[in-house]
Amino acid sequence: YSVNTSGDPVTVSLDTEHAKNGTYAMKYDYDLTGAGYCGVSKSLAGADWTGFDGIKFSIYSDGSDRDTTIQFIDGAGAYWESIQHVTAEEGWQEVKIPFTDFNLQSWGTSAESVTLENVNQVSIYAGANGNAGKGTWYFDDFGLYSDDIIEKPTATPESAEYKNDDIVFTIIPNGYAMKEI
């Protein structure tokens, strides 16, 4: 990851004590006593987000009522942001942000809509929201989500042919890949 050097100090590290799932959570130590914002970015080198509805993550907040901003640079080079107000002091909270809730930033490339092919970068920013100071957030399960419910295909035998200890089935997968029998 890289740190936005125009903002306040921020340090990201792995944390085992607050892991929600798996071995680690991401510990996000921030200090908003100067510029009032800080952030880290992860280069994605042209990720394809087609077929997803938005970004999801779990956050363990410090209860500071500061802004958590998720930003990404889409395939057209446009900057999109969504500000979240996560104030719970205890426990994990799941956040799902549909791409339709992201706002185009006027200081970036102009765009009519989000280009989900070749996404270049995703960032997490902290903003003071009128409450300067230091704090720590924990993130886990950061990724993409889709609200589409994918039904598993089922097979309904219509006929079977029995010949000398063999049963012959004709299988028509209707566009699905066959995994096993």
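For the numbers below, each heavy atom of this structure counts, side chains included, while hydrogens, waters and symmetry mates do not. Keep in mind that this is a model prediction, so the values were computed, not measured.
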With a 6.0 Å cut-off (strictly less than), is the heavy-atom count around OH of Y24, excluding the residue itself, greater than 12?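 Check fails, neighbour count at 12 or below.
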
State whether D53 and K96 are salt-bridged, where the test is any N-O pair (Lys NZ or Arg NE/NH1/NH2 against Asp/Glu carboxylate O) under 4.0 Å.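 No.
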
Does the plane of the ring in Y37 sit parallel, tilted or perpendicular to the ring in Y125? Use 30° and 60° as the thresholds.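 The arrangement is tilted - the two ring planes meet at 30° to 60°.
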
Taking the inter-plane angle between the rings of H18 and Y138 on a 0 to 90° scale, is it parallel (under 30°), tilted (30 to 60°) or perpendicular (over 60°)?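 The arrangement is parallel - the two ring planes meet at less than 30°.
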
Do you know which of W49, F52, Y145 makes ring-ring contact (aromatic ring centres under 6.0 Å, His included) with F99?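 Answer after filtering W49, F52, Y145: W49.
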
After noting the C-alpha distance and the side-chain angles of K27 and D29, does the key distance pass the side-chain contact (heavy atoms from CB on, under 4.5 Å) rule? CA-CA 6 Å; K27 184 177 182 181; D29 285 313; 3.4 Å; yes

Whether the [X] and [Y] side chains hold a donor-acceptor pair (N or O, under 3.5 Å, no angle test) is what I'd like checked.
| X | Y | result |
| --- | --- | --- |
| D67 | T69 | no |
| S82 | Q84 | yes |
| W80 | D74 | yes |
| D140 | N21 | no |
| Y30 | D62 | yes |

Taking the ring of Y79 and the ring of F72, is the distance between their centroids below 6.0 Å?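 Ring centres of Y79 and F72 not closer than 6.0 Å.
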
Under 6.0 Å between ring centres, would you say that holds for Y60 and W137?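 Here the rings of W137 and Y60 have centres that are no less than 6.0 Å from each other.
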
